[in-house]
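Take a look at the structure set out below.
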Amino acid sequence: MNNISPKTAAERLLKRVEKPGRYTGGEFGQVIKDKASVRARFAFCFPDTYEIGMSNLGVRILYGSINSQPDLWCERAYAPWSDMEEQLRKYRIPLYAHESGDALSDFDFVGFTLQYELCYTNVLNMLELGGIPLLSSERGEDCPIVVGGGPCSYNPEPIADFFDVFSIGEGEAALPEMLRLYVDMKESGEYSRAEFLHRLAKIPGFYVPSLYEVSYNSDGTVREYRPRFDDIPAKITKRIIKDLDTAYYPDRFIMPYIETVHDRIVLEVYRGCIRGCRFCQAGMVYRPIREKSVEVLNRYAKLLYDATGYDEISLSSLSISDYSHIDGLCDTLLKWTDDAKINLSLPSMRIDSFTKELMEKISTVRTGGLTFAPEAGTQRLRDAINKNVCEEDLLRACRVAFEAGKSSVKLYFMMGLPTETLEDVEGIGTLARHVLDAYYETTKGVKGRRSPTVTLSCSCFIPKPFTAFQWEPQNPLEELHEKQRYLRSKINDPKIKFNYHDAEVCRLEAVFARGDRRLAKALLRAHEKGVKFDSWEEFFDYDGWMQTFDECGIDPSFYANREFGEDEVLPWDIIDCGVTKEFLLRERHNAYISKTNKNCAEQCTGCGANRLGGERTWCSCRDLKTSY
Amino acid sequence: MVQLSGSENIILSGDELLSRDVGELPASPEKPLQIRAKFYKIGMMQYISHLDLVRTMTRIIVRSGVPAWYSQGFNPRLKLTFSLPLSIGTQSECEFFDIRLISPMSSAEIMSRLNRSLTDEMQIVAVYPGTRRFGDIAWADYEIKLTSPSLSENAARELADLYTSPLVVTKRSKTGDKEVDILPFLSLRSCRFEDGSVTLRALLSADSANYLNPEYLVRAAQDRLGLALDDPFGECYTIVRKEVYLDDRTTVFR
Ligand code: SF4
């Protein structure tokens with residue numbers, strides 16, 4: 001193994017793993033560069049399996065945007081499944097990047113996209129397998145700079161000790177800029193790890209946790225964040241791409257050999273969300289709302305079709321039917337996609353936008369399963385969370401579907417939402433029965449119709465940073481179980497199926513979602529015990545986690561089940577995501593009086609994200625250009 | 001080196017066929033032209049399953065702009081057929097697939113369009129007007145290399161003996177395990193010891209009724225010589241499919 005690359009070594013042991021296709025690399029569309037002509041190398045790590053990572057749009061965008069610069073090279077790495085990990089450890093082969101086959105420790109930068117809290121143990125495991133010290137304080141001059149980004153970096157505190165820097169917000173421009181600074185400093189001889197991180201901290205959107213000192217009050221809450229230098233900002237404002245039309249977007253995708261979660265073309269239509277559901281983090285942190293024009297989307301759809309040969313185009317955004325030109329976009333695409341035998345899919349449709357015309361146009365709606373997300377069982381609670389959907393909307397959408405021959409629907413709900421009572425829980429079952437009634441009404445007298453099914457899929461509310469509910473306690477585990485049992489007891493129709501998420505998983509997620517730096521200890525301890533793949537049922541060990549917290553003197557309820565004080569310094573107050581704390585607080589109080597808002601297309605509710613600027617919005621964001 | 005009789009008179013006919021340019025033959029939507037591609041699949045690519053290979057190749061052909069024929073009907077499908085499937089963990093220098101052209105394109109152009117999308121561990125080496133049915137493949141020639149510090153000249157002799165005498169193995173199938181003598185389905189060509197490895201070449205039956213997986217030979221060797229062959233950096237083995245033949249065991253399939 002002395003002078004062969006880790007990947008060449010790995011080739012020999014793939015006979016002994018279950019899904020070797022995950023580790024081969026060599027896919028069409030991967031970027032190979034000549035090491036000699038490259039000035040900085042970045043290993044983009046996805047802390048979950050290859051199948052999940054390969055489908056991630058953010059990875060595709062950032063991979064392409066770094067690689068679009070000839071002297072920068074971005075490669076990929078994924079979390080090896082346990083059988084592969086065992087082999088790598090047994091033969092002392094470091095975790096390698098798929099393109100060059102080089103160990104992670106050989107890179108200038110190792111970046112992790114943090115998609116969900118339960119991937120944190122995988123981050124630690126990948127660092128260790130890659131031969132990189134886990135704690136940023138232990139990394140020497142020659143170690144790669146470890147960078148984090150993605151949704152979880154809006155509260156990076158639980159993992160702050162393991163990262164040298166976080167890129168906050170949209171990374172298309174920020175990451176190449178960081179690499180450029182590195183190259184310049186290296187080549188001018190000014191580079192040292194400390195000096196680089198200090199300079200980086202002065203660039204907007206970069207949070208270097210080691211340069212901020214945190215102190216705590218006697219009750220365990222955060223007292224303050226203090227910058228260690230005068231010339232770095234007290235708060236890190238997220239970066240955004242102002243104009244999505246001219247921003248980098250990939251014109252080809254890497255084509256996996258093995259089947260991945262989503263094998264299809266993905267078009268990102270807009271960023272942000274006009275709705276403002278009070279539990280939803282994505283709806284807040286991706287504001288302000290900026291869209292792409294139909295022409296640009298259509299151009300990329302064609303480029304990607306030529307480059308991939310995929311037979312499905314998915315229009316991706318938080319609530320696709322809200323796009324200002326949704327009909328125009330569909331019609332423009334359908335002009336050529338039908339002939340090319342390409343299906344269009346709209347994965348995030350709102351109930352109130354579901355129409356007969358749309359169903360006829362969109363083949364995946366025609367053939368696929370039907371899912372709606374009322375989120376709560378009663379109108380009162382739907383108003384409290386600002387969902388702005390009423391029962392009649394849902395029943396109307398279902399009738400359209402039933403008339404067109406469908407006989408099953410899936411409904412998503414969240415249990416344990418703030419202000420929820422047992423009446424709201426029971427309302428979920430009642431709603432399901434009304435959907436069944438709607439089926440019988442619509443199909444009365446029609447022969448040969450199948451018996452209907454309504455599937456209820458219930459997750460648990462998790463208070464997330466930068467939402468109106470960020471201060472709210474999660475229901476204690478016992479209460480969540482009680483509510484699940486209660487709903488089950490209220491459903492006695494076999495045509496209604498009831499699935500619910502593991503409340504224990506949701507609790508662990510809540511701990512890390514609102515955690516602070518002191519959780520690093522628990523993550524380290526869990527990692528030492530071999531904990532990984534927490535989001536996978538076969539690995540998740542709740543009792544093990546509770547024991548770990550106990551050993552570290554950490555009370556998980558402090559993070560998950562405590563009501564955070566409105567004047568408390570929150571661990572994520574160090575980040576400015578655009579939306580202001582005042583707005584969120586206002587929204588929290590609106591929830592208590594079940595006051596709904598108009599959506600951003602109708603009226604601005606003053607979230608504050610417009611401060612960040614941006615172009616091409618169809619909303620009432622002040623200061624944003626609405627040229628389109 | 002143990003050289004067995006009969007292996008020297010292989011007639012390498014058919015290779016002139018490989019250089020025939022399909023671009024000179026008529027092709028139209030009414031009369032599509034069947035063409036054949038010969039490719040290899042080695043290194044990391046040995047871990048891509050047959051199913052994944054079919055899916056990948058379909059996409060590559062679709063986006064290559066090669067004028068391929070699609071089945072008609074509500075859900076048009078690319079007409080693409082592969083020869084003998086290859087097990088995961090077996091490399092091959094000799095794989096084939098067929099497509100049909102609806103308008104002429106030269107072999108060189110087709111190859112360059114498809115190879116652009118493939119890694120250097122899987123490349124098409126010829127595109128030609130192949131007409132023999134894949135079902136005519138009756139034998140496949142494998143190179144099996146066993147590596148272990150415990151091997152010697154002696155082991156090579158012992159294995160040569162093993163593979164030329166009745167050899168009963170347990171074959172797994174959907175209907176249960178079966179004891180089968182595989183000697184009628186195997187013909188050893190050579191078996192030699194060199195640098196701590198025994199390399200054997202053998203023709204194995206490859207027709208659908210009697211397909212013999214080369215892994216059986218490895219297992220028989222493990223049992224006979226008491227080898228574990230489970231250390232990728234010590235005692236291990238590799239299998240490469242080198243060539244495929246017709247029923248006469250001498251005419252190469254093209
Ligand atoms: S500034 Fe106003 S319109 Fe814009 S996203 Fe915020 S609330 Fe909506």
Side-chain angles (χ1 to χ4, degrees), chain A residues 1-2 4-5 7-30 32 84 87-88 90-93 96 98-99 101 252-260 263-265 302-312 339-343 363 367, chain B residues 41-66 68 70-78 80 87-91 113-123 145 147 214-215 218 228-239:
Chain A
M1 263 174 287
N2 306 335
I4 60 174
S5 83
K7 186 176 170 187
T8 312
E11 183 193 312
R12 300 198 188 177
L13 45 85
L14 289 188
K15 273 202 177 114
R16 312 173 55 75
V17 304
E18 199 196 328
K19 290 186 179 165
R22 287 169 167 166
Y23 313 103
T24 61
E27 308 94 330
F28 172 64
Q30 70 169 9
I32 301 286
M84 180 62 168
Q87 297 295 319
L88 291 174
K90 183 168 171 190
Y91 297 104
R92 296 174 187 285
I93 300 171
Y96 56 89
H98 281 211
E99 281 78 359
R252 60 175 174 174
F253 286 167
I254 300 175
M255 307 284 294
Y257 290 109
I258 62 173
E259 249 173 305
T260 59
D263 282 326
R264 59 192 187 194
I265 293 169
K302 282 187 177 152
L303 284 172
L304 283 165
Y305 173 67
D306 289 343
T308 62
Y310 277 138
D311 57 8
E312 184 179 340
D339 287 341
K341 330 265 181 324
I342 304 170
N343 293 318
S363 50
T367 54
Chain B
K41 185 169 173 284
I42 58 172
M44 276 293 193
M45 290 301 107
Q46 68 184 294
Y47 299 111
I48 302 305
S49 73
H50 184 69
L51 222 72
D52 291 332
L53 175 68
V54 174
R55 202 182 37 241
T56 302
M57 205 59 92
T58 305
R59 286 197 188 127
I60 286 174
I61 295 166
V62 168
R63 67 172 172 252
S64 68
V66 169
Y70 288 77
S71 72
Q72 305 303 301
F74 187 70
N75 236 335
R77 280 184 172 279
L78 175 73
L80 168 69
S87 318
I88 289 186
T90 301
Q91 309 180 60
R113 281 178 186 235
L114 299 184
N115 281 339
R116 264 205 304 261
S117 305
L118 298 167
T119 76
D120 46 8
E121 291 179 327
M122 183 157 73
Q123 287 279 298
K145 188 172 172 189
T147 305
E215 296 275 353
V218 176
L229 297 178
D230 63 350
D231 178 357
F233 301 98
E235 205 176 275
C236 61
Y237 68 94
T238 56
I239 307 175

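Residue numbering restarts at 1 for every chain, and letters A, B, ... go by the order of the sequence lines.
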Report summary line: Interatomic distance, OG1@B/Thr56 vs CD@A/Glu27, rounded to 0.5 Å, equals 9.5 Å

Report task. With a 4.5 Å cut-off on heavy-atom pairs, point out which of A/Asp263, A/Val17, A/Thr24, A/Asp306 contacts chain B the most. Result -> A/Thr24

Query - Heavy-atom proximity to chain B below 4.5 Å, by part of A/Lys19 - result: neither

Query raised in the report: CD of A/Glu259 to OG of B/Ser49: how many Å apart, nearest 0.5 Å?
Result: 9.5 Å

Requested in this report: Would you give the length of the straight line joining atom CZ of B/Arg63 to atom CG of A/Leu304, rounded to the nearest 0.5 angstrom?
Outcome: 11.5 Å

Requested in this report: Return yes if some donor-acceptor pair links the side-chain N/O of B/Arg55 with the main-chain N/O of A/Tyr257 below 3.5 Å, else return no.
Outcome: yes

Query raised in the report: Is any side-chain heavy atom of A/Glu11 closer than 4.5 Å to a side-chain heavy atom of B/Glu121?
Result: yes

Query raised in the report: Hey, what do you get for CG (A/Asp311) to OG1 (B/Thr58), rounding to the nearest 0.5 Å?
Result: 10.5 Å

Report summary line: Tightest non-hydrogen contact, residues A/Leu13 and B/Pro232, listed as CB-CG, 3.8 Å

Query raised in the report: Is B/Arg116 close to A/Phe28 at the side-chain level, that is, under 4.5 Å between some pair of heavy atoms?
Result: no

Query raised in the report: How about A/Ile93 and B/Phe233: do any of their side-chain heavy atoms sit closer than 4.5 Å?
Result: yes

Query - Flag side-chain contact, heavy atom, 4.5 Å: B/Arg59 against A/Thr308 - result: no

Query raised in the report: Who among B/Ser117, B/Gly65, B/Ser64 has the most heavy-atom pairs with chain A under 4.5 Å?
Result: B/Ser117

**Report entry** From OG1 (B/Thr119) to CD1 (A/Ile32), nearest 0.5 Å
**Finding:** 9.5 Å

Query raised in the report: Hey, does the Lys NZ or Arg CZ of A/Lys15 hover above the aromatic six-ring of B/Tyr47, less than 6.0 Å from the centre and inside 45° of the axis?
Result: no

Query raised in the report: In terms of heavy-atom proximity below 4.5 Å to chain A, should B/Tyr237 be classed as side chain, backbone, both, or neither?
Result: both

Query - Minimum side-chain heavy-atom gap A/Met255-B/Ile60 below 4.5 Å - result: no

Query - Part of B/Ile88 lying under 4.5 Å from any heavy atom of chain A - result: side chain

Query raised in the report: Quick one: are A/Arg16 and B/Asp230 in side-chain contact, heavy atoms under 4.5 Å?
Result: yes

